[in-house]
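Before any comments, here is the structure.
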There are 2 protein chains.
Amino acid sequence: MPRRERVRQATVEEIKAVARAQMAAEGTAAVTLRAIAREMGMTAPALYRYFGSRDDLVTALVTDAYNALADAMEAAVEAVPPGRHGDRVRAAFGAFRAWGLGQPTEFALIFGSPIPGYVAPEATRPAGLRYTDLLGRLLADAHADGALDPARIDLRVPPALARQVEAFQRRRGGPALPAPVLAFGLGAWARVHGLVTLEVFGHLAPAVGDGTALFEQELEVIVRQSGLPD
Amino acid sequence: MPRRERVRQATVEEIKAVARAQMAAEGTAAVTLRAIAREMGMTAPALYRYFGSRDDLVTALVTDAYNALADAMEAAVEAVPPGRHGDRVRAAFGAFRAWGLGQPTEFALIFGSPIPGYVAPEATRPAGLRYTDLLGRLLADAHADGALDPARIDLRVPPALARQVEAFQRRRGGPALPAPVLAFGLGAWARVHGLVTLEVFGHLAPAVGDGTALFEQELEVIVRQSGLPD
DNA sequence: CACTGTTGTTAATGCTGTTTACTCTACCGT
DNA sequence: ACGGTAGAGTAAACAGCATTAACAACAGTG
């Protein structure tokens with residue numbers, strides 16, 4: 001990479017880093033071009049050399065956040081031996097929660113309605129699918145190994161839901177899972193998502209304060225219901 | 001109520017109504033004092049006679065949204081005979097989802113990170129507890145009637161979680177429930193919350209499009225797991 | 001009928017994103 | 001080695017934002 005390109009890339013990274021810092025320190029409202037430029041010893045219009053608009057910058061932050069979340073989850077999963085499906089699921093969801101609690105503003109950027117007037121453009125879609133794809137792979141691996149207990153999972157799935165779920169699988173390709181298995185996976189995802197968003201956004205605090213115990217409980221329920229051994 | 005007070009109250013309501021309309025039409029970004037005043041044929045500073053600041057107006061909107069949500073859920077629950085605990089739970093959660101899908105921007109105001117720089121003040125707390133209190137009452141009623149199946153609910157609750165849950169009950173008063181029952185209720189709440197927020201914020205659409213079938217499935221899982229007959 | 005508090009106005013301040021016109025400088029091809 | 005050029009930065013300006021201050025008009029009450 002030519003020097004020119006390299007220093008430019010470094011500036012782009014610095015802008016995003018400063019934006020993230022300001023966001024973490026003062027909330028999403030503090031992400032103003034002028035404040036970022038001031039921190040960097042520049043003027044606001046200079047930032048337009050690097051991002052077409054403030055929304056473009058936010059979009060980059062959203063994409064980065066999705067990727068950081070997926071990276072954290074993938075690293076956690078890969079630290080567990082491939083065969084131990086239960087522990088891999090625990091690791092994935094645990095990393096999801098840990099990342100959310102560790103970077104609440106970035107978590108909010110993704111899963112809250114981030115910034116007024118800003119709607120996530122299509123460009124964030126691929127990054128946003130990474131962590132759900134990971135969860136899907138976990139489910140598919142466990143199913144391929146026969147580790148899922150069909151007797152427990154086989155909730156009677158109504159035909160309408162089965163059709164939707166099968167259409168989804170055709171769209172996304174990859175290994176085909178039975179509708180009840182995929183429906184179970186979607187349910188597990190929603191459960192964890194609900195618990196973690198409630199906790200990160202402070203809605204859970206009035207009830208249990210620290211949500212760790214409740215989260216681990218929910219994790220055990222999921223693992224036990226799936227019939228995964230470990 | 002004297003006439004003076006009455007017209008003032010009407011103006012307050014009009015301001016909030018216009019704000020809600022703009023929010024629904026153009027997103028939370030459109031909630032600007034100038035735009036509201038313009039729509040009402042006034043100037044922006046006049047609004048300060050009714051709300052101390054823009055944040056105060058947003059706080060009022062948040063409180064109203066919480067109350068509307070609780071009203072909708074209470075109405076749905078009361079339409080079901082007191083004894084049919086399963087159907088009452090279905091009605092409550094169904095109303096929760098319907099309200100969220102019906103007023104997505106107000107839903108986001110409550111459950112997303114609403115507006116940059118805005119953090120919900122303590123004043124919204126009482127209204128925010130109404131719908132969770134309703135869910136708690138539903139659980140307590142079912143338990144008092146002996147409608148919950150202890151054999152299915154009695155997931156082994158670790159001591160740490162049991163302690164937290166019991167402390168929560170002491171703080172809030174009301175009937176004391178066994179820790180496993182309350183933990184089950186919190187889990188059910190989180191599941192529904194997760195599914196509905198995913199759906200309302202558009203994260204579920206790529207997977208299943210219409211989330212109705214998945215939601216009803218999840219509802220059945222909850223009701224069946226609780227052992228409620230109907 | 002005069003007084004007073006309420007409701008509204010205009011003008012001004014200091015933010016914000018964004019565009020335009022301009023300067024400077026580092027690199028690239030000859 | 002040197003002129004041309006693309007890139008990076010600046011200052012100035014515009015429109016819109018929340019908010020405050022000073023001021024005008026009106027309604028209700030003594």
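To find a chain, count down the sequence lines: A is the first, B the second, and so on, and within it residues start at 1.
- Across C:dG17, D:dA11, D:dT20, the shortest atom-to-atom separation from the side chain of A:Leu33 is found for C:dG17.
- In this structure, CZ of B:Phe51 is placed 17 Å from C1' of C:dT6, rounded to the nearest angstrom.
- Protein atom CZ of A:Arg34 is 12 Å distant from nucleotide atom C1' of D:dA11, rounded to whole Å.
- Side chain of A:Pro45, nearest nucleotide from C:dG17, D:dA12, D:dA8: D:dA12.
- Smallest separation of non-hydrogen atoms from A:Val31 and A:Ala19: CG2-O, 4.0 Å.
- When distances run from any side-chain atom of A:Ala46 to the nucleotides C:dT16, D:dT10, D:dT19, the shortest one goes to D:dT10.
- In this structure, the CD atom of A:Glu5 is 16 Å from the P atom of D:dA6, given to the nearest Å.
- Looking at B:Arg8 and B:Glu5, no side-chain N of the basic residue comes within less than 4.0 Å of a carboxylate O on the acidic one, giving no salt bridge.
- Going from atom CG of A:Asp56 over to atom P of C:dG17 covers 14 Å, rounded to whole Å.
- Look at OH on A:Tyr50: it is 13 Å from C1' on D:dA6, rounded to the nearest Å.
- With hydrogens and angles left out, the side chain of B:Arg49 and the base of C:dG8 share a donor-acceptor pair within 3.5 Å.
- In summary, the side chains of B:Arg97 and B:Thr212 do present a donor paired with an acceptor at a separation below 3.5 Å, with no hydrogens or angles considered.
- When heavy atoms are screened at a 4.0 angstrom cut-off, B:Thr43 is found touching base atoms of the nucleic acid.
- Residue A:Arg8 places no side-chain atom within donor-acceptor reach of the base of D:dA8, judged by atom type and a 3.5 Å distance cut-off alone.
- Contacts of B:Thr11 with the nucleic acid, taken as non-hydrogen atoms under 4.0 Å apart, are absent.
- Between B:Tyr131 and B:Phe111, the ring planes are perpendicular. Angles over 60° get that label, and only those under 30° would be called parallel.
- When distances are taken from the side chain of A:Met42 to each of C:dT7, C:dG17, D:dG9, the shortest belongs to D:dG9.
- Closest contact between the side chain of B:Tyr48 and the listed nucleotides C:dT9, D:dT19, C:dC22 involves D:dT19.
- Atom-to-atom, CZ of A:Arg54 to C1' of D:dG16 comes out at 14 Å; the value is rounded to the nearest Å.
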